[in-house]
Student: 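Below: one structure in structure tokens.
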Amino acid sequence: MRSPIAVLVLAAGLTCACSKPMGRVTVDTRPQGAQVLVGEQICKSSPCTFSMAPGDYRVEAVLDNFEKARTDVTVTDSGKDYKTIRLIPLEPTPDEAKRLHLKEPAQVAEEPKRFK
């Protein structure tokens with residue numbers, strides 16, 4: 001025969017194991033299609049939605065011909081968080097420029113002047 005204490009301890013253990021809160025975060029990239037890593041979870045093509053324990057996580061996004069992007073996200077158990085990462089294109093190497101028939105490396109446009 002089981003004692004009432006053993007039954008109570010067993011029931012308490014089951015209750016604690018089932019009540020773990022989870023949060024959701026969606027990561028999108030511009031342009032879309034980047035591989036996204038949040039914590040230790042990977043998605044092969046953005047936009048990606050992750051379910052994970054609340055906390056702070058490092059986000060990385062990788063897409064061919066763009067710089068790797070890194071940022072942080074805080075996942076909460078109160079709802080769904082959303083993060084958009086803008087990826088910066090890489091400058092083509094001289095060989096890539098020839099292959100793409102570019103005459104000069106890409107030039108950066110100047111910031112427009114603001115009127116006072």
Student: Between Ser45 and Gly33, which heavy-atom pair has the shortest distance, and what is it?
Tutor: OG-CA, 3.4 Å

Student: Which atom pair, heavy atoms only, marks the closest approach of Asp77 to Pro21?
Tutor: OD2-CB, 3.5 Å

Student: Under 3.5 Å, side chain of Thr84 to main-chain N/O of Thr29, donor-acceptor pair present?
Tutor: no

Student: Could you state whether Leu37 and Phe66 fall into the same hydrophobic cluster, counting links through intermediate Ile, Leu, Val, Met, Phe, Trp or Tyr residues with side-chain heavy atoms under 4.5 angstrom apart?
Tutor: no

Student: If you round to the nearest 0.5 Å, how far is CZ of Arg30 from CG of Asp28?
Tutor: 4.0 Å

Student: Using residues 47-56 as the side-chain source, report each donor-acceptor pair under 3.5 Å to any protein atom, sequence neighbours left out, with the distance given to one decimal.
Tutor:
residue: Thr49; atom: OG1; partner: Thr26; partner atom: OG1; Å: 2.9
residue: Asp56; atom: OD1; partner: Thr74; partner atom: OG1; Å: 2.7

Student: Could you check whether any side-chain N or O of Thr71 sits under 3.5 Å from a backbone N or O of Val59, counting only pairs where one atom can act as donor and the other as acceptor?
Tutor: no

Student: Give the other cluster members for Met22, using side-chain heavy-atom distances under 4.5 Å between Ile, Leu, Val, Met, Phe, Trp and Tyr residues; answer none if it is isolated.
Tutor: none

Student: Calculate, to the nearest 0.5 Å, the distance between atoms CD and CG belonging to Gln35 and Asp64 respectively.
Tutor: 10.0 Å

Student: Side chain to side chain contact (heavy atoms under 4.5 Å, CB included) between Arg86 and Ile88: does it pass, once the steps are laid out?
Tutor: CA-CA 7 Å; Arg86 296 202 181 277; Ile88 299 170; over 6 Å; no

Student: Can you tell me how far apart OH (Tyr82) and CZ (Arg24) are? Round to the nearest 0.5 Å.
Tutor: 12.5 Å

Student: Just verifying a value: how many Å separate Leu87 CG and Asn65 CG, rounded to the nearest 0.5 Å?
Tutor: 11.5 Å

Student: Can you tell whether the side chains of Asp72 and Arg58 come within less than 4.0 Å, N to carboxylate O?
Tutor: yes

Student: Side-chain contact, heavy-atom cut-off 4.5 Å: Ser46 with Val27?
Tutor: no

